[in-house]
Amino acid sequence: MAMTPAAGGSKPLTSPASIRAPGTVNAEVEWDGFDPQAYIRHNYAELRDDDREILRRTRDFFAGAELSDACCVDVGSGANLYPTLSLLPFAHTIDLCEWSTSNVRWLRQQVDSYDTTWDPYWQVCAEHPTYAALTDPRRCLAKVGRVSQTSVFDLPTHAWDAGTMFFVACSISADRAEAERAISRFLRALRPDSPFAVAVMLGSTGYHVGRCSFPAVALVRSEVVADIATGAYDIDVHEERPRPQIRDGDVSMLLITGRARG
Ligand SMILES: C[S@@+](CC[C@H](N)C(=O)[O-])C[C@H]1O[C@@H](n2cnc3c(N)ncnc32)[C@H](O)[C@@H]1O
């Protein structure tokens with residue numbers, strides 16, 4: 001399924017050279033200029049301590065959530081497979097919903113057979129016995145993973161039993177209202193009581209992927225927690241400070257787990 005971004009209508013066709021600096025809304029950004037390999041080189045080629053801790057906590061949360069044979073979703077998957085891996089043992093299906101055509105292409109290849117880059121991330125998962133019991137995660141993802149070009153703003157309501165959305169609400173626009181709407185659409189896409197994990201970057205005003213710049217919104221912790229609390233309960237919050245910094249400015253990473261109100 002291919003769905004439209006924030007403002008609806010067709011995707012704007014602009015060359016990567018015309019990508020605007022932070023200050024844009026989601027529908028104005030040329031997401032097809034997103035280079036998944038450059039993004040991975042900068043963020044995930046080496047497993048960082050902050051991502052390790054976030055993955056451990058996400059893993060332990062889902063392992064304790066009494067999930068099985070679930071319809072799962074990862075929203076704005078981009079070029080990061082670790083949220084999807086955290087859902088793998090519990091999944092009947094995992095829908096990876098992403099808007100950028102280049103990332104969708106990359107995700108389809110990775111779902112078929114993911115790169116060794118992601119083996120250390122699976123190793124972190126497999127420190128937990130529930131995950132260790134899954135002996136061939138690569139084949140399992142090929143079986144349950146489904147990639148679709150879907151905007152967070154067009155997600156169906158009450159469609160999934162568990163979900164993840166990592167570094168999306170903060171990083172798809174410079175508009176605070178769009179961040180709030182992305183969180184609300186994500187939580188509403190889950191059935192009542194579904195467990196979820198959301199990660200956001202706090203304090204980010206933009207980021208580079210290769211030679212392209214993308215907008216972000218400098219979220220603050222209390223506002224994000226309040227936005228999540230509107231659509232969720234049993235919330236747990238953990239903050240990580242990446243060292244060295246991965247974006248300009250004084251950023252930190254917030255992981256929020258909980259259950260959707262639906
Ligand atoms: C900073 S990246 C995060 C990628 C990945 N989830 C991660 O954890 O690193 C933001 C992602 O949101 C995607 N995106 C942008 N607009 C979107 C929209 N309207 N709906 C869904 N995804 C969108 C981008 O293409 C990009 O992959």
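Just so we're clear, the structure is a prediction, and the values are computed from it rather than from any experiment. Every number for a ligand or one of its atoms is a count from 1 in the order of the listing.
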For ligand 1, is [X] a contact, meaning one of its heavy atoms is under 4.0 Å away?
{"X": "Tyr44", "result": "yes"}
{"X": "Tyr207", "result": "yes"}
{"X": "Thr150", "result": "yes"}

Proximal ligand 1 atoms for [X], defined as those under 4.0 Å from one of its heavy atoms:
{"X": "Asn103", "result": "25 (O), 26 (C), 27 (O)"}
{"X": "Phe166", "result": "3 (C), 5 (C), 6 (N), 7 (C), 8 (O)"}
{"X": "Asn26", "result": "15 (C), 16 (N), 17 (C), 19 (N)"}
{"X": "Gly78", "result": "4 (C), 27 (O)"}
{"X": "Tyr39", "result": "1 (C), 2 (S), 3 (C), 4 (C), 7 (C), 9 (O)"}

With ring pair (Phe, Tyr, Trp, His ring centres under 6.0 Å) as the test, would you mind laying out the steps for Tyr121 and Tyr114 before giving the verdict?
CA-CA 12 Å; Tyr121 295 83; Tyr114 64 75; over 10 Å; no
When you compare ligand 1 with [X], is there at least one nitrogen or oxygen pair between them that comes in under 3.5 angstrom?
{"X": "Ser171", "answer": "no"}
{"X": "Gly76", "answer": "yes"}
{"X": "Val152", "answer": "yes"}

Hey, is [X] touching ligand 1 through its side chain, its backbone, both or neither, going by heavy atoms under 4.0 Å?
{"X": "Trp31", "result": "side chain"}
{"X": "Ile172", "result": "side chain"}
{"X": "Ser77", "result": "backbone"}

Is Arg59 positioned over the aromatic face of Tyr131, cation under 6.0 angstrom from the ring centre and no more than 45 degrees off axis?
no
Give the minimum heavy-atom separation between Arg191 and Ala260, together with the two atoms involved.
O-CB, 4.0 Å
How close do Cys72 and Trp160 get, counting heavy atoms only, and between which atoms?
O-CD1, 3.4 Å
Report the relative orientation of the aromatic rings in Phe90 and Phe62; use parallel for angles under 30°, tilted for 30 to 60°, perpendicular for over 60°.
tilted
Within the 6.0 Å centroid threshold, strictly below: Tyr82 and Trp122
no
May I ask you to decide whether Asp136 forms a salt bridge with Lys143, counting only side-chain N to carboxylate O separations under 4.0 Å?
no
I'd like to know if the side chain of Asp51 pairs up with that of Tyr44 as donor and acceptor (distance under 3.5 Å, no hydrogens or angles considered).
no
Can a donor-acceptor pair be found between the side chains of Gln149 and Thr101 at a distance below 3.5 Å?
yes
